[in-house]
Structure formats: structure tokens, C-alpha cells
Amino acid sequence: MNRKKTGKIDRAQFYADVYEVVKLIPKGRVSSYGAIARYLGANKASRLVGYALAGSFEGMDVPAHRVVNRNGLLSGAHNFPKDRPMDKSLEAEGVKIVDMQVQDFKKIYWDPNVELL
DNA sequence: CCGTTGACGCCAT
DNA sequence: TATGGCGCCAACG
């Protein structure tokens, strides 16, 4: 994945890495923007992760629905195509969603910094 | 070029 | 423990 640890990272590289990491999230598990941002070496750029995912629908096989905020809240559900809702997609994989919130979030949480390092 | 916005997160109350 | 404020970095108008 070639991420730079120089603090600064190239935008294109960052976006590409985000997609790759998200693709690595196991089915039925979820991760968080902050975790991914950290993994890419941009701790303070958690917002960029979400921004990057916003454009990951066009033809890309990126399971963006497996990425939620640090509270396990589906903060970006309204961004999903109406024919493929975020919560629906998650429940289809066995993830329970109640009031736009991932149940047992801590259990199914998947941290790239820990799981794959 | 400058101000605002946003799929977030941490720190201070 | 629950809220609110500030910081961060790109993209947009």
C-alpha cells in the first residue's frame, strides 16, 4: 500500500489506500474513519476518509457501508444510493442496526492497525 | 484567492 | 457520562 510515514501523504495515494483498506474489511465486520486515517498515517484527516468514500460508488467495489464513525453510528447513510442503503447492506451481512447505530459495535469492530499490520 | 462545508475525532466543560 | 467547541485537510462556489 505504500503509505508515507512522513506525516504528509499524497491525495491520490491517500484515496487509493482508503479504498484498499476498506476492501480488506471482512464481511460482517465494521471499521471506523479514524482507524483508517491512523492506519494511513493521517490521524487528523479522518474527515478525508469519509470524503474519499463519498466518491467510491462509481463502479468501484468498495464496501463503504462497513465504515462508520467512532461511535458505530452510520453517519453517512444518507449518502448511499437509495437502492443500496447503508443499514440494509450491513444487516444483509449479519450486522444488526438499530436507529442508525451498529449493535455490538465493539465486538465486530475491525481495526486495520491491529488486525492487519 | 478566500470563506464555507463536511461519511470525523479529541479535548475541555 | 453527556454536550459543546475547536482542529484538520480537501473540495466547492
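Every chain is numbered from 1, with letters handed out A, B, ... down the list of sequences.
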Peer 1: Have A:Tyr19 and A:Ser56 got a donor and an acceptor in their side chains that come within less than 3.5 Å?
Peer 2: no
Peer 1: Roughly, in whole Å, what's the span from CG in A:Leu53 to P in C:dA10?
Peer 2: 16 Å
Peer 1: Could you state whether A:Tyr15 and A:Tyr39 fall into the same hydrophobic cluster, counting links through intermediate Ile, Leu, Val, Met, Phe, Trp or Tyr residues with side-chain heavy atoms under 4.5 angstrom apart?
Peer 2: yes
Peer 1: Give me each pair satisfying side chain to side chain donor-acceptor pair (under 3.5 Å) with a member in residues 58-68 of chain A, each pair once, sequence neighbours excluded.
Peer 2: A:His65-A:Glu93, A:Arg66-A:Glu93
Peer 1: Do you know which two heavy atoms are closest between A:Pro63 and A:Lys23, and how far apart they sit?
Peer 2: CD-CA, 4.0 Å
Peer 1: Which two nucleotides bound the region of DNA chain B that has atoms under 4.0 Å from heavy atoms of chain A, read 5' to 3'?
Peer 2: B:dG6 to B:dC10
Peer 1: Are A:Val49 and A:Leu116 grouped together when hydrophobic residues (ILVMFWY) are joined by side-chain heavy atoms under 4.5 angstrom apart?
Peer 2: yes
Peer 1: Quick check: closest heavy atoms across A:Ser46 and A:Tyr33, and the distance to 0.1 Å?
Peer 2: O-CB, 3.9 Å
Peer 1: Heavy atoms under 4.0 Å, any strand shown: does A:Arg70 hit a base, just sugar-phosphate, or nothing?
Peer 2: sugar-phosphate
Peer 1: What are the residues of residues 85-111 of chain A, sorted by number, that bring a heavy atom to within less than 4.0 Å of DNA chain B?
Peer 2: A:Met86
Peer 1: What nucleic acid atoms does A:Asn79 come within less than 4.0 Å of, heavy atoms only: base, sugar-phosphate, or nothing?
Peer 2: base
Peer 1: Please check if the side chain of A:Ser31 supplies one atom and the backbone of A:Trp110 the other of a donor-acceptor pair under 3.5 Å.
Peer 2: yes
Peer 1: Quick one: closest heavy-atom pair of A:Leu53 and A:Val62, and the distance?
Peer 2: CD2-CG1, 4.1 Å
Peer 1: How would you list, by chain and number, every residue that makes a side-chain hydrogen bond (donor to acceptor under 3.5 Å, both in side chains) with A:Asn113, sequence neighbours excluded?
Peer 2: A:Asp111
Peer 1: So which atom in A:Pro85 and which in A:Ser89 form the shortest heavy-atom distance, rounded to 0.1 Å?
Peer 2: O-OG, 2.8 Å
Peer 1: Output side-chain donor-acceptor pairs under 3.5 Å for residues 101-108 of chain A, partner residues at least two apart or in another chain, one line each.
Peer 2:
from	atom 1	to	atom 2	distance (Å)
A:Gln101	NE2	A:Asn71	O	3.0
A:Gln103	NE2	A:Gln101	O	3.1

Peer 1: Determine the contact category for A:Ala37: base if any of its heavy atoms lies under 4.0 Å from a base atom, sugar-phosphate if only primed atoms, P, OP1 or OP2 are that close, otherwise nothing.
Peer 2: nothing
Peer 1: Between the protein and nucleotides 11-13 of chain C, which nitrogen or oxygen pairs are less than 3.5 angstrom apart?
Peer 2:
from	atom 1	to	atom 2	distance (Å)
C:dA11	O4'	A:Tyr51	OH	3.0
C:dA11	O3'	A:Tyr51	OH	2.9

Peer 1: CG of A:Leu73 versus P of C:dA2: gap in Å, rounded?
Peer 2: 14 Å
